[in-house]
Amino acid sequence: MKNKINLFLVEYAINALLRRGWKHFFIVSIFTFLIFLLSSILFISDAIKLELNSTLNLLPEITLQRFVGGKQSDVPIERMDALLDIEGVSRAIPRVWGYYYFKPAGVNFSVVGIDAYEPQYKEALQSIVDTVDVKALENKHGMIVGEGVKKVLSENYYKDFFNFVTNDGRWEKVHIAGVFHSAISLEANDMILLPKKIAYEIFGMDSNHATDIVVKVSNPKEIPMVVSKINLLYPDMRTITKDDIRVSYQNIFDYKSGFFLSLFVVSAFTFFIIVYDKLSGLSAEEKKEIGILKAVGWSMDDIIKEKFYESFILSVCAFILGLCISLFFVYGLHAPLLRDIFIGYSNLKPSFDLPFSVDGGMLSLLFLLSVPIYIGATLIPTWRASILDADEVMR
Amino acid sequence: MIVLKDIRKVYATPSEEVIALDHVSLHIKAGQFCVLKGASGSGKSTILSLIAGLSKPNSGEVIVDGKQISKLPDTFSANFRRAHIGFIFQKFHLIPTLSVKENIIVPLIPENLTQEHMEERAQSAMEKFSIAHKASSIVKYLSGGEQQRVAIARALVNQPKIILADEPTANLDAKLSLELIAIFEMLKSEGVSIIVATHDPLFFELACVDSLIEMKNGAIIA
Amino acid sequence: MTMTPEIIALLMLDALFLFFAIIAFVLSVRIFVKWNRHATTPVQYALEKQSYLVSVVIKYIFVLKIPLFLFFIFTCDKLSNIITGAMCAAGVVNSVEFGLYLTLFKIINLYLFGFWLIVNRADMQEEKLPFTKLKFLLFSLFFFPLVAEIGLEISFFASLNISKIVSCCGTLFSAASTSYLALLFSVDSTVIVGIFYFFAALVGVAYFLKNRLVFIFANGMFAIFAIISLIVFFSTYVYELPTHNCPFCLLQKEYYGIGYLMYSTLFIGTFFGMCGGILEELTRRSDVSFFTISIIFDGLYCVIVTLYPVVYYLNNGVWL
Ligand SMILES: Nc1ncnc2c1ncn2[C@@H]1O[C@H](COP(=O)(O)OP(=O)(O)OP(=O)(O)O)[C@@H](O)[C@H]1O
Ligand SMILES: [Mg+2]
């Protein structure tokens with residue numbers, strides 16, 4: 001209130017920091033590095049979560065898979081009618097899709113079959129499909145591919161067609177009719193869209209079967225009821241709801257970032273000790289300075305304040321520095337190395353952009369995880385310095 | 001006016017207890033020039049730091065200008081020190097990596113003055129001791145005489161009523177010592193009390209010295 | 001047990017606080033027992049020095065506690081995305097039986113620590129350090145609610161269960177609620193709003209009459225009824241929904257985080273009103289600035305909450 005900040009004291013503190021730059025250099029670099037690591041990890045995991053959530057929101061309410069003898073197998077399409085009869089189900093869509101392993105690059109493509117007359121199970125896909133003429137695609141025997149796929153294929157000299165090896169060992173030559181971009185890049189990147197007919201051939205599937213069925217329920221509250229009805233009707237079908245997927249994703253990411261955070265807690269503790277130790281050892285010159293300050297009329301309070309300003313300025317600078325480096329690393333360089341740990345899917349996946357997801361909450365989290373710990377570590381050394389006997393300087 | 005009443009000061013070292021002052025009483029009137037002399041270890045510095053409130057007695061009272069300084073809490077004794085006492089040390093005790101001006105304003109910092117006020121006080125102190133032309137030079141590159149003037153300017157920047165000097169001439173040659181004494185004389189004429197702890201015989205025959213106190217083994221003998 | 005980064009941050013700082021609080025507690029008890037202002041013993045000098053460590057530590061804890069309180073609510077708010085059924089912090093806080101007590105302890109501790117700091121300040125302003133014994137006694141006592149808070153917080157996060165379905169604020173803050181909160185809704189909201197403005201007016205009157213005790217009392221009641229009236233009446237105008245009575249949703253982005261402003265003004269106003277008043281009672285010296293700050297922030301709070309219904313009425317021509 002009345003005691004406004006003493007700018008001369010702040011100036012003195014900055015000056016003291018500059019004078020003893022070498023002493024702080026070590027601490028500041030470790031601290032900056034810790035903050036950099038911490039914020040990078042949190043930025044990445046948050047960005048992925050955001051990406052996943054936006055993907056998840058577009059997902060169908062219920063996915064039905066058929067299991068025979070514990071293995072997933074194709075679903076007969078005639079089951080559709082019974083499903084549509086269930087009250088609350090607004091739509092059921094059979095899907096034909098699968099992964100295609102492309103050996104030369106060691107990556108998996110997701111191959112999705114599309115149909116001219118059938119609506120797609122989600123909007124993003126629909127919007128891609130809307131831009132192409134599926135009939136023409138069928139006639140041309142062509143496909144459209146995600147950007148990542150295009151890149152991998154052209155690296156392997158497939159410029160305008162690709163030879164799929166079908167289930168029974170034949171070659172199926174398909175033209176690349178187009179490339180699509182997508183806002184939800186996380187999964188669209190490795191996707192190949194082609195007419196259902198070709199998909200059936202590549203996977204060697206019966207054309208009256210589907211890989212799985214997605215069910216739309218208009219009222220989310222009815223989902224549990226619909227699920228129980230389906231289970232009763234088809235005991236061999238497994239129902240996966242959007243919530244199941246959401247929770248399992250959440251768990252994976254919380255597990256991964258939890259692992260890093262516990263590492264962080266350990267390093268923060270170590271750091272606390274290092275700072276404590278480093279600041280506790282005052283050189284003769286520093287002791288003398290404190291003695292002089294006291295002799296010319298500084299109180300313990302003044303010295304504590306000055307030291308506090310020192311550590312506050314230092315830690316905030318390190319914080320900002322670490323944050324900036326990490327922002328650049330994650331959003332500028334797309335987080336090489338670190339990102340792989342989090343994503344760890346096929347080699348294709350990592351090429352998506354991390355959506356920017358830094359907000360006030362995130363910044364305050366990072367701040368609270370770092371600066372108070374540094375300042376906490378300086379409290380006791382600061383106090384120790386302030387109680388030094390001034391008559392040391394008399395000798 | 002400075003009064004020491006029956007002061008005992010014991011330093012506890014790990015090995016033994018050193019009795020630095022043993023029932024010392026002292027009375028120095030305002031405006032006096034007082035010299036403390038005595039062998040090394042006789043307790044001169046200890047008396048100065050007690051008067052300044054930098055250390056506290058084990059028993060007895062230290063009263064400076066009517067204030068019982070030994071009983072004051074730290075903030076108050078610091079304020080008192082800042083307002084009333086200027087220190088001049090044996091080795092100048094400047095902060096070597098700061099400039100002349102920065103050294104001189106150090107005692108003013110806790111006051112939280114305005115910028116102009118601060119400038120003005122620093123400027124007048126520097127001019128008084130003719131060091132203003134070196135205002136932004138780093139102290140450790142100055143000559144001994146210049147450093148001494150900076151130390152004096154710093155001690156006087158708050159216009160204290162009491163000057164405490166601990167071996168002020170120990171590192172000075174004869175010419176500079178005489179200059180310092182001249183400054184003390186000038187200050188005395190301005191009504192400032194001066195207490196000097198020294199071995200330097202130069203101080204013993206000065207006409208301006210009002211009292212010469214001799215110490216031995218923590219007691220006053222003359 | 002869920003480990004989000006926010007929870008780890010809170011727990012880590014809790015551990016730090018506990019560590020420092022224990023040091024401060026031990027020193028406080030020692031200082032309280034052995035303090036003798038007239039002694040010239042080395043022990044007394046050492047105690048004087050240690051008293052600085054205690055105040056440094058308490059300042060550190062308090063200064064962090066204020067943003068951490070908001071951060072705690074923010075964390076709960078964020079958790080409400082994961083926990084089924086919870087729409088805002090209220091649901092998360094209430095998903096554990098003692099969640100509300102934890103919040104209560106957090107608020108009380110803010111007042112207690114703030115009070116300690118102004119006592120400390122008053123103490124240091126006098127040569128005789130008249131309140132030193134008192135302030136260290138106070139901290140020896142305040143230590144326990146702090147430990148309780150930290151303990152509650154740790155067990156709160158330990159017993160949070162994401163798969164458990166909790167109620168949202170809609171049912172918690174309504175007459176249908178099973179808790180004592182329902183009691184609030186059985187009283188007519190105009191009565192509560194009336195009481196709120198009555199105490200607001202009383203604060204004003206006490207200020208002009210310079211009656212300290214009335215001022216303290218009025219501020220205390222003002223704080224309580226401000227919260228109650230906020231829940232039963234004012235919040236509905238913020239949400240523009242007659243059935244939404246949550247004191248936590250105010251903090252969300254949709255409402256421009258107006259809650260942060262409301263709660264900070266309310267806290268500052270009532271803190272200086274009560275604690276400042278009690279301090280003046282102690283020092284027997286009046287420090288007009290405390291009461292002035294208090295009346296300004298109390299007033300500000302009143303203006304903010306009053307504006308919501310008034311603006312609503314002006315726009316729509318009806319009351320909710
Ligand atoms: N901090 C301390 N711890 C232990 N003993 C001390 C301390 N300060 C001073 N002493 C002892 O107290 C005695 C008086 O010291 P003091 O510094 O007052 O002597 P002095 O008269 O100033 O000597 P000199 O002329 O050498 O400066 C000495 O024996 C010294 O060893
Ligand atoms: Mg000496």
Side-chain angles (χ1 to χ4, degrees), chain A residues 1-3 38-39 41-42 45-46 49 53 243 246-247 250-251 253-266 268-269 272 299-301 303-305 307-308 312 359-362 364-380 382-384 386-389, chain C residues 1-13 15-17 19-20 23-24 27 45-46 48-61 63-65 67-68 70-72 74-75 77-78 81-84 118 121 124-125 162-163 253 257 260 268 272 276 287 289-290 292-293:
Chain A
M1 289 148 280
K2 264 175 254 156
N3 37 2
L38 178 72
S39 35
I41 287 167
L42 291 181
S45 75
D46 243 42
K49 258 190 213 167
N53 272 335
D243 253 15
R246 194 172 57 105
V247 169
Q250 194 86 45
N251 281 343
F253 280 104
D254 280 348
Y255 172 76
K256 279 194 178 174
S257 47
F259 174 72
F260 281 108
L261 278 168
S262 32
L263 274 185
F264 173 77
V265 171
V266 174
F269 179 74
F272 187 93
S299 62
M300 279 172 63
D301 237 7
I303 291 173
I304 291 174
K305 269 196 200 125
K307 294 265 170 212
F308 166 75
F312 186 76
D359 56 7
M362 174 58 100
S364 35
L365 168 68
L366 288 170
F367 187 85
L368 288 174
L369 274 171
S370 53
V371 174
I373 293 171
Y374 182 87
I375 296 194
T378 64
L379 289 185
I380 293 178
T382 295
W383 170 75
R384 284 243 189 91
S386 80
I387 61 166
L388 276 181
D389 274 324
Chain C
M1 179 123 194
T2 335
M3 269 300 159
T4 70
E6 286 82 11
I7 296 179
I8 290 186
L10 284 168
L11 292 181
M12 213 157 86
L13 288 172
L16 216 57
F17 288 172
F19 168 71
F20 282 121
I23 295 179
L27 292 178
Y45 298 143
E48 264 170 46
K49 289 175 173 176
Q50 285 164 1
S51 76
Y52 276 86
L53 181 58
V54 176
S55 68
V56 166
V57 162
I58 296 176
K59 266 180 210 158
Y60 171 77
I61 296 180
V63 167
L64 279 173
K65 268 192 143 323
L68 274 180
L70 301 178
F71 189 73
F72 171 76
F74 167 80
T75 303
D77 230 9
K78 213 172 163 192
N81 292 329
I82 313 179
I83 296 185
T84 336
I118 58 173
R121 211 172 85 102
M124 305 290 274
Q125 273 170 355
I162 5 176
S163 43
K253 280 199 197 86
Y260 290 104
I268 298 174
F272 283 105
D287 189 341
S289 65
F290 283 145
T292 311
I293 294 172

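Worth knowing before you read on, the calculation uses all heavy atoms, side chains too, and leaves out hydrogens, waters and symmetry mates. Letters A, B, ... mirror the listed sequences (proteins, then strands); counts begin at 1.
- The contact between C:L53 and chain A is made by backbone and side chain atoms together, counting heavy-atom distances below 4.5 Å.
- With values rounded to the nearest 0.5 angstrom, A:L388 atom CG is found 10.0 Å from A:M300 atom CE.
- At a 4.5 Å heavy-atom cutoff, the contact between A:F272 and chain C is made by side-chain atoms alone.
- The distance from atom CD1 of A:I380 to atom CZ of C:F19, rounded to the nearest 0.5 Å, is 5.0 Å.
- Within the 4.5 angstrom heavy-atom criterion, atoms from both the backbone and the side chain of C:Q50 approach chain A.
- Looking at C:F17, there are no atoms closer than 4.5 Å to chain A (heavy atoms on both sides), in backbone or side chain.
- When the side-chain contact (heavy atoms from CB on, under 4.5 Å) test is applied to C:S55, the partners found at least two apart in sequence or on another chain are C:W116, C:N120.
- Only the side chain of C:I23 comes within contact range of chain A, with at least one heavy atom under 4.5 Å from a heavy atom of that chain.
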Q. Yes or no on side-chain contact (heavy atoms from CB on, under 4.5 Å) for C:K65 and C:F72, after CA distance, side-chain angles and deciding distance?
A. CA-CA 10 Å; C:K65 268 192 143 323; C:F72 171 76; over 6 Å; no
Which donor-acceptor pairs under 3.5 Å do side chains of residues 370-379 of chain A form with protein atoms, sequence neighbours excluded?
residue: A:S370; atom: OG; partner: A:L366; partner atom: O; Å: 2.9
residue: A:S370; atom: OG; partner: A:F367; partner atom: O; Å: 3.3
residue: A:T378; atom: OG1; partner: A:I375; partner atom: O; Å: 2.6

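- Using a 4.5 Å heavy-atom threshold, the side chains of A:I387 and C:Y52 count as separate.
- Looking at C:F71, only its side chain comes within 4.5 Å of chain A, counting heavy atoms on both sides.
- When heavy atoms are compared at a cutoff of 4.5 Å, A:L369 approaches chain C by way of both its backbone and its side chain.
- With a 4.5 Å cut-off on non-hydrogen atoms, A:F308 does not touch chain C at all.
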